[in-house]
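A short worksheet on the structure shown next.
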Amino acid sequence: MKKSNLYQKIYYLTKKIPRGKVATYGQIAALCGSPRAARIVGYALHIIPENSQIPWQRVINRQGIISTTCFEHPPTLQADILKSEGVEVNNHKGVFQIDLKKYLWRP
DNA sequence: AAGGTGACTAACA
DNA sequence: ATGTTAGCCACCT
C-alpha cells in the first residue's frame with residue numbers, strides 16, 4: 001500500500017488544493033521539497049487509486065494546459081469537472097487551457 | 001540489476 | 001513566436 005514518502009506528500013498536497021483553484025506539477029513538486037520532481041508528480045497522478053478522493057483534475061502543467069494522456073482520465077472529463085467547480089476552461093481547438101493568473105492556487 | 005519511460009520545465013536556436 | 005534539447009528522478013519491465 002505504502003509507495004514512497006514522496007508519493008504520500010504528493011497526494012497529501014494535491015488534496016489541499018482548494019475547489020475552484022488549480023496547481024501546476026512543478027508547484028506540487030516544489031511544495032514536496034523536490035523542485036525537480038514535476039514528472040514524478042505526473043506519474044503519481046497517473047497511477048492514482050480510483051477511490052483515493054484525490055482531486056487529480058486540479059493539477060495541470062505550467063502553461064495552464066490540461067496534459068493528461070491517461071485513457072481513464074481524459075482531458076474532456078478533466079475539463080468538465082473543473083468547469084463544474086467554477087474554473088473557466090477554454091477549449092482552444094481541442095486544447096483545454098486555464099488562466100493561471102486567475103485560478104492558480106497560491107498557498 | 002539496469003535501462004527505459006513520462007499527466008514536466010526551463011533553456012536554447 | 002514556435003520547435004528542439006537536455007536535465008530531471010521515482011517507477012516499471
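Throughout, a chain's letter reflects where its sequence line sits, starting with A, and its residues are numbered from 1.
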Here the distance between atom P of C:dC12 and atom CD1 of A:Ile40, to the nearest Å, is 11 Å
A:Gln97 CD to B:dA7 P, in whole Å, measures 19 Å
Taken to the nearest whole Å, CD1/A:Ile47 to C1'/B:dG6 is 12 Å
**Worked check of salt bridge (Lys or Arg N to Asp or Glu O under 4.0 Å) between A:Arg58 and A:Glu85** = CA-CA 10 Å; A:Arg58 294 177 194 158; A:Glu85 294 182 343; 2.9 Å; yes
Result for 5'-nearest mapping on DNA chain C, choosing between A:Arg39 and A:Ser34, is A:Arg39
Ranking B:dT9, B:dA7, C:dA10 by distance to the side chain of A:Ser67, first place goes to B:dA7
Do the side chains of A:Val59 and A:Tyr25 get nearer than 4.5 Å, heavy atoms only? yes
Between CD1 of A:Ile48 and P of B:dA7 the distance, given in whole Å, is 14 Å
note: A:Arg36, atom CZ; C:dC8, atom C1'; distance rounded to Å ~ 8 Å
Whole-Å distance, A:Asn5 CG to C:dA10 P, equals 11 Å
### Task
Side-chain contact test, heavy atoms from C-beta onward, threshold under 4.5 Å: evaluate it for A:Ile28 versus A:Ile17 and give yes or no.
yes
Whole-Å distance, A:Ile60 CD1 to B:dA7 P, equals 16 Å
- Message: Would you say A:Thr24 places a side-chain N or O within less than 4.0 Å of OP1 or OP2 belonging to B:dC8?
- Response: no
Closest of B:dA10, C:dC8, C:dC11 to the A:Tyr43 side chain is C:dC11
Testing B:dA10, C:dA10, B:dC8 for proximity to the side chain of A:Arg62, the answer is B:dA10
Using a 4.5 Å cut-off on heavy atoms from C-beta on, say whether the side chain of A:Leu100 contacts that of A:Trp105.
-> no
Atom OH of A:Tyr11 and atom C1' of C:dA10 are separated, to the nearest Å, by 11 Å
